[in-house]
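So the structure is just underneath, and the comments pick up after that.
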Amino acid sequence: MTDTIDLVDSELSIQDALHKYFGFKSFKGEQETIIESILHKRDTFVIMPTGGGKSLCYQLPAIMSEGTTLVISPLIALMKNQVDMVRGYSSNDDIAHFLNSSLNRSQSKKVKEDLRAGKTKLLYVAPETLTKDSTVEFFKELNISFVAVDEAHCISEWGHDFRPEYRRIRDMLDNIQEDIPIIALTATATPKVRADIIKNLKLKEPNTFISSFNRHNLYYEVRPKPTREATIRNIVQFVKGNEGKSGIIYCLNRKTTEEIAETLQVNGIKAAAYHAGLDSGTRTNVQDHFLMEEIDVIAATIAFGMGIDKPDVRFVLHFDVPKSLENYYQETGRAGRDGLEGKCISYFSQADINKLDKFLRDKPVKEREIGGQHLLEVVGYAESGTCRRQFLLHYFGELFDKKKCEGMCDNCANPKDIIEGKLYMQTALKVIRTLGEQFKLKYLVDFLIGKQSQEVISFRHDQKEGFGVGKEKNKLFWSSVLRQAMLKDYVCKEIENYGVLKLTDKGHAFIDKPEVVEIVLNHEFKEGDAAIIKPQRTVALDPVLVKMLRDLRKQVAKEKQLPPFVIFQDASLNDMATQYPTSVEEMANIVGVSKGKALKFGRKFLALISQYVEDNNIEKPNEIITKQVANKSKRKVYIIQNIDKKISLQTIAEGQGISLDELFEEIETIVASGTKLNIDYFVNDYLDEDQQEEIYDYFMEADTDDLDLARKELDEEYSLDDLRVVRVKFMSELAN
Ligand code: ADP
Ligand code: MG
Ligand code: ZN
């Protein structure tokens, strides 16, 4: 065996071949060295971001070589596309073929003829195809130059797209021909996945080429996700503020994609939903319209975006948290491929994580472990108080100096407080050492704060020196320190036992000779986080106007002899000070304001806002008006109709499959947005007339509609439910 592959034309340089076969002037990145490596029959491993030009790394040497190159690729759907691309560069179609289950008999016969005749340079196969005995026998007849394993991360259970058949590739190849050189390529691989690929394909001392994963033009941000409605509203506002630009919104379920697409549509955005539940004709249509820019925004489940190459996607939003950072990176990677603007914003709530966690509980142990670890990383990313780009790149094994982010993530744009953490860092690293470098982050934190968890007790570590050494600080603090330790490369995750933290040489050195180190406190998203989403720059809450609106409300309340909250609720005033409504129509789109209410109380407020807008030369945020989708209110209509019929609330709740509590929330929203509901028949069951009057009078005098306060003021005589019921009656009668 020689140490280079036989070439079709040994006179032709790689450079000339590039020009001759592909018409490109120069190589991108490390393509040339990569091609040399495989032509020298060296196992080669290429990690290069999407769009980096991986295909050429095997296509060009394939065409230059004697024999046929096998290209293993996971997606049958994309094979045809890739074959067409290669054929596009050549004058004959025989140069590339694919062999898979989609071919009929005569088609696969033709492919085999071309292969036997030596006409075909590139043969795309799915790993399943390789496992067929007849195929293997056939391949034995061929002269195979080398094998390219594309999307090689599919080999690892720790990657984002595991295909079990990928694990059998090596055995199959050994069956076909001895010592076939392999080039493996992927766009995402954590250090763990990389190790899996090398091990599983048995790559022999591979030449490894890792390009930087940094996408300098992508802006990363994480926003809290308070409620579904508020989040959709925020998305609509964002899209409105970016009208005419292409974007993708990823969601986990089909219903959400449809809800978001519809809400965008009624708000005048050209949007569509895309998910696996649509028939393939519709899906292709949506995709084509997106490419043709007849649709600007797609709300999609993860099924969308694979293999489509639209260079000017300007934003990628994640309504739901991704399952892993690989997924996240892959999906956000579809933004700004042309090197221009690409905003990547994800909405995060601990409740979403808990939901995903629950799904995992029914999975086999291994899958659960991997899934759980991935979720922890996602949480780590969301909570990170430090540069998001640094965090993401570190996840893929790349050290990145956050100064180079240049404000291109929310944390760099608005830096958090930094504390000097030399001694804390030393303490944390010492604990890792004391415990023999055998534990994961969560355990280390428990040990540091002195939490007697079951696990800690089972290791008898509560007796160990150093247990609780960091108890004056909390969990969040110590996980921030440990995260920082990873980013600074004092600590690394073990490859074999994924998630276990080990000290690096740098970490050991730090313990002996600690240096000044900055620690940024992470952000904690609590379950049911009520945090209001930070208004975007274009739609910021105007504090001056809020104050003016409040004063006006007080004045109007006095005139009408009503409590202020009956006029407009705080949320409504805040929304007005964000959207600047200047007409009744616009006012009717403010949170908690119906047309009726806008007409009844809105006049003075509109006058004030119009004046304010004029005086201050305010540009309204692109008519950001989030309209609700009509059929979303089906439930509300049902409730209103049934209350009109005096049906018992219990029965209504059952009819909608919701709790009485939830029903009450619905009723409150209905009333708050201006619809009168007569619930006397219900209130009378609860309380006698005198009681009702007492509570009613209280609200009449009160400054706020707060229930707890009401309870206290009324000497705890009534339950919260009593008060709530009367409050609804009160609001319904006076505010509407
Ligand atoms: P990847 O598989 O890494 O995502 P592709 O192989 O699909 O990327 O290549 C992305 C784009 O870059 C393709 O349009 C390809 O034609 C182009 N490309 C690759 N190499 C070069 C080159 N040397 N010069 C110019 N364009 C290139
Ligand atoms: Mg590719
Ligand atoms: Zn940053």
Side-chain angles (χ1 to χ4, degrees), residues 14-35 46-63 71-75 77-79 81-89 96 122 124 148-154 161 183-189 209-222 305-311 329-330 332-334 337-339 343-345 381 384-394 398 400-416 418 487 520:
I14 304 180
Q15 182 70 50
D16 293 341
L18 174 74
H19 193 72
K20 174 172 170 192
Y21 296 117
F22 288 88
F24 295 143
K25 279 206 252 354
S26 56
F27 287 104
K28 257 172 131 175
E30 293 186 285
Q31 281 175 333
E32 187 169 12
T33 343
I34 295 168
I35 292 168
V46 178
I47 300 158
M48 199 189 267
T50 304
K54 285 185 290 298
S55 323
L56 193 103
C57 298
Y58 55 81
Q59 287 166 348
L60 184 61
I63 294 172
V71 183
I72 301 173
S73 165
L75 286 175
L78 295 187
M79 267 178 211
N81 191 293
Q82 289 176 338
V83 165
D84 287 343
M85 294 277 268
V86 181
R87 287 177 179 170
Y89 293 112
L122 284 138
Y124 286 78
V149 181
D150 206 358
E151 315 288 352
H153 57 271
C154 292
D161 215 0
I183 177 170
L185 311 98
T186 174
T188 51
F209 300 86
I210 304 171
S211 316
S212 170
F213 272 47
N214 186 19
R215 297 279 308 275
H216 63 90
N217 58 318
L218 299 190
Y219 170 83
Y220 299 101
E221 180 178 337
V222 178
M306 283 251 253
I308 72 146
D309 189 4
K310 186 164 167 39
Y329 190 81
Q330 192 82 352
T332 52
R334 293 173 187 141
R337 288 211 191 173
D338 55 6
K343 289 194 175 130
C344 310
I345 300 171
Y381 172 76
S384 173
T386 187
C387 180
R388 305 225 184 258
R389 171 171 270 97
Q390 185 187 30
F391 193 104
L392 276 176
L393 292 175
H394 182 267
E398 193 173 327
F400 176 81
D401 179 357
K402 67 181 179 197
K403 283 192 210 94
K404 293 199 199 133
C405 181
E406 293 181 340
M408 284 295 279
C409 78
D410 52 351
N411 288 334
C412 288
N414 299 298
K416 305 267 159 65
I418 292 173
L487 294 175
V520 188

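Only heavy atoms go into these numbers, but all of them, side chains included; no hydrogens, no water, no symmetry mates. Along the sequence shown, residues are numbered consecutively beginning with 1. Ligands are counted one by one from 1 in listed order, and the atoms in each one are counted from 1 as well.
Here the protein heavy atom with the shortest distance to atom 5 (P) of ligand 1 is Ser55 OG, 3.6 Å. Distance from atom 16 (O) of ligand 1 to its nearest protein heavy atom, with residue and atom name: Phe24 CZ, 3.5 Å. For atom 3 (O) of ligand 1, the closest non-hydrogen atom on the protein side is Lys54 NZ, 2.7 Å. Protein heavy atom at the shortest distance from atom 23 (N) of ligand 1 is Ser26 O, 2.9 Å. Shortest contact from atom 10 (C) of ligand 1 to any protein heavy atom: Gly51 O, 3.7 Å. Protein heavy atom in closest approach to atom 9 (O) of ligand 1: Gly53 CA, 3.5 Å. Considering only non-hydrogen protein atoms, atom 19 (C) of ligand 1 sits nearest to Gln31 NE2, 3.7 Å.
Of all heavy-atom pairs between Asn214 and Glu398, the closest is N-OE2, 4.2 Å. When all heavy atoms of Tyr124 and Gln82 are compared, the closest pair comes out as CE2-OE1, 3.2 Å. Nearest heavy atoms, Val46 versus Lys54: CG1-CG, 4.4 Å.
Under the 4.0 angstrom criterion, atom 7 (O) of ligand 1 counts as having a protein heavy-atom contact. Within the 4.0 Å cut-off (strictly below), no protein heavy atom is located near atom 13 (C) of ligand 1.
Close contacts of ligand 1 with Thr50, meaning ligand atoms under 4.0 Å from a residue heavy atom, involve 4 (O). Those atoms of ligand 1 that come under 4.0 Å of a heavy atom in Pro49, given as number and element, are 3 (O).
For the residues Lys25, Lys28, Arg337, the heavy atom positioned nearest atom 18 (N) of ligand 1 is part of Lys28.
The six-membered or imidazole ring of Tyr21 lies away from that of Tyr89, with a centre-to-centre distance of 6.0 Å or more.
Taking the Zn ion (ligand 3) as the corner point, the angle from Cys412 atom SG to Cys405 atom SG is about 110° (rounded to 10 degrees). Rounding to 10°, one obtains 120° for the angle at the Zn ion (ligand 3) between SG (Cys409) and SG (Cys387).
Side-chain atoms of Gln31 come within 3.5 Å of backbone N or O of Gly53 as a donor-acceptor pair. The backbone N or O of Lys25 sits less than 3.5 Å from a side-chain atom of Gln15, completing a donor-acceptor pair. Under a 3.5 Å cut-off, the side chain of Arg389 and the backbone N or O of Asp401 do not form any donor-acceptor pair.
By the 4.0 Å N-to-carboxylate-O rule, Arg388 lies close enough to Asp410 to be salt-bridged with it.
Between Cys57 and Met48, some side-chain heavy-atom pair lies under the 4.5 Å cut-off. In this structure the side chain of Phe391 never reaches within 4.5 angstrom of the side chain of Asn411, judged on heavy atoms.
At a 4.0 Å heavy-atom cut-off, ligand 1 touches Phe27 through the backbone alone. In Ala187, neither the side chain nor the backbone holds a heavy atom less than 4.0 Å from any atom of ligand 1. Of the heavy atoms in Tyr89, only side-chain atoms (C-beta onward) come closer than 4.0 Å to ligand 1.
Defined by atom type and a distance below 3.5 Å, a donor-acceptor pair is missing between the side-chain atoms of Glu30 and Ser211.
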